[in-house]
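Report on the structure given below.
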Amino acid sequence: MTAPDAGPDVRAPRPVTERRLHPVTPFRRAWAPVAVIVGWAAHDPDQAQAQLTRLTTTTLLVALAVFVPAACLYGFLTWWYTHFSVTDTELRIRTGLLFRRTAHIRLERIQAVDVTRPLLARVAGVAKLRLDVVGTDKKDELAFLGEGEARRLRAELLARAAGFAPETAHEVGEAPSRQLLRVPARDLAVSLLLTGATWGALAVALVVPPVLWLATHSVWTVLATGVPLLGAAGARSVGRFAGEYDWTLGESPDGLRIDHGLLDRAHETVPPGRVQTVRIVQPLLWRRRDWVRVELDVAGSSGSVLVPVAPRELADAVVARVLPGVTVPAATAMTTAAARPPRRAGRCVPVWWRGYGLAVTDAVFAARHGLLRRTVALVPHAKVQSVRLTQGPWQRLWRVADVHVDTGAGKSVTARLRDAREAAELLRGQAERSRTGRRDARPDRWMA
Amino acid sequence: METGSPGGAGATGDEQVVWTGLPPGLLRMRRLLLVVWLGSVALAVGLLLGLLAGPAWAAFALLPLAAAGWGWVMLGRNWRSWRYAERADDLLLSRGVLWRTETVVPYGRMQLVEVTSGPVMRWFGLAGVQLHTAAAATDATVPGLEPAEAQRLRDRLTELGEARSAGL
């Protein structure tokens, strides 16, 4: 049926062993049509029954005879034509039956490596390997690999990216890891209960159906809106609980290790020196317990969670590990008169101007915003790509200006409504600091 | 070509910053395009309304003409506001009249320098220079320069960028 010899060919002058994905891969999307049919049948039972009785044995057989081999063939061919290989400097992935695609991923540019194991994949004993690379929108992934193979490949990729000699890269194996933090399930559950979004979704789900009942007196309308709303409210918080369950943060020479998940397990590695921005978020209701959530951006992707919930001093210690030499400015330091915008900034942004703050230390540019949900964003000077000062006409009238600091993660951190003179000083000073801050940074190949 | 001393914003406290403005050719090009487009719009409006609805209605053709006059002044102000300065370690760009923006890009952070020039710009002997860093938000663009200056700037930026290259 196919020409299997079209698979591995030796094009490189130096032999590079090409490998295939795990043979379970062709089945990874097999459940999709089944799920669609089941979902449709559950949504509209009468119609489904009517359609079922109309089906004769012959049509069913013909449909099966056409669809099953076609689906199998497609799955098999995509698997057959997907190869990957690791060379000294690159990871190469070749895919595509009709439209060929070859991805060459430079190892020293890898920003993060994730091994994820969705529930079904855990049952089948396979794992997905995903790579964050600068400049691509979507993550390149190898799905699926055997669990052991995924772990070995991850270790090998990191060893090669770190600059170990190619001959020894196989034997280096997993770097030892030291646990920094583990989030107890109870804290996670409480933190989710103390999040406004959880209660907001629940309130909407509880208020909308009675209102609809009063308006329409139709049970079906109420059910049709109430059930999905309740489902969404549940999925939001329960989904987050399941995703962030058993959050473990470790430190190893390869970088940060993040392990989490109740049903779908994920294992992420962020190599050293890759973190561009760290955000410390504190929702209103977490303030009494002084809990915070820490998010980080690496080049290529932004908004990944570093710590879902932790007491502030623990989170600060973790941030100090992630950004070496950085101490998080104390909460009190961010609310002093010097850190706040001048009073006249209130003419530009009423009330909320009080939430803005700025602290610049030797190592980091820290900007605060938010009055109820407080966010402090930290950018190490070494990661600043460019600095911008913007000033609109109304801001000029009140002699204030915004200073934006652009990072490689595609996000900007903004110090809003600074005094115009101070902002100009900041622009000059920040450019200088971002230039000199790079001098003592670690090389891309962190073991070299 | 030199637009001399910087003014306003209090943002230019440095001593030895030598600002360079944009060439007058760019202003000429923009004004010509403005006049050509709005002039033809005025002509079309005047003719159509004059023939179909009566001569009094043709007075509406004055609207595009007024817009052209306003745009003429605005383009001049905007053109004067654009300037750049090459300092020892970074490139400074400043622009905008009402919404003022000043950008500093250290040479070491430059990933790519692009020189672009469309057919109209080539006709007027102009080329634009755009700087890319790893941050997508960096909007460091010099919209129009004489080709020789654009090439000099590109070569100098590339050279300095290589010498001070810093990675991500």
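Computed from a predicted model, the values in this text were never measured in an experiment. Numbered from 1 within each chain, the chains take letters A, B, ... in sequence-line order.
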Is the number of heavy atoms from other residues, nucleotides or ligands under 6.0 Å of A:Arg347 CZ greater than 12?
no

Spacing of NZ belonging to A:Lys383 relative to CZ belonging to B:Arg109, to within rounding of 0.5 Å:
8.5 Å

Could you give the distance from CD (A:Glu432) to CZ (B:Arg87), rounded to the nearest 0.5 Å?
8.0 Å

Verify the neighbour count for atom CZ of B:Arg152: are there more than 12 heavy atoms of other residues, nucleotides or ligands below 6.0 Å?
yes

Shortest non-hydrogen contact between B:Trp99 and A:Gly392, atoms and distance
CD1-CA, 3.5 Å

Verdict with supporting geometry, B:Leu98 and A:Arg396, side chain to side chain contact (heavy atoms under 4.5 Å, CB included):
CA-CA 9 Å; B:Leu98 281 181; A:Arg396 185 149 61 250; 4.3 Å; yes

For B:Glu86, is the CD atom crowded, meaning more than 12 foreign heavy atoms sit under 6.0 Å from it?
yes

When you look at CZ of A:Arg343, are more than 12 heavy atoms from neighbouring residues, nucleotides or ligands closer to it than 6.0 Å?
no

Just how far is it from atom OG of A:Ser386 to atom NE2 of B:His132, taken to the nearest 0.5 Å?
12.5 Å

Check whether A:Thr407 gets within reach of chain B through its side chain, its backbone, both or neither, counting any heavy atom under 4.5 Å.
backbone

Can you find a pair of side-chain heavy atoms, one from B:Asp90 and one from A:Arg428, that are under 4.5 Å apart?
no

Heavy-atom neighbours of B:Phe60 CZ exceed 12 at 6.0 Å
no

So CG of A:Asp406 and OG1 of B:Thr103: to nearest 0.5 Å the spacing works out to 8.0 Å

Do you know which of B:Leu131, B:Thr101, B:Thr133, B:Val105 has the most heavy-atom pairs with chain A at a distance under 4.5 angstrom?
B:Thr101

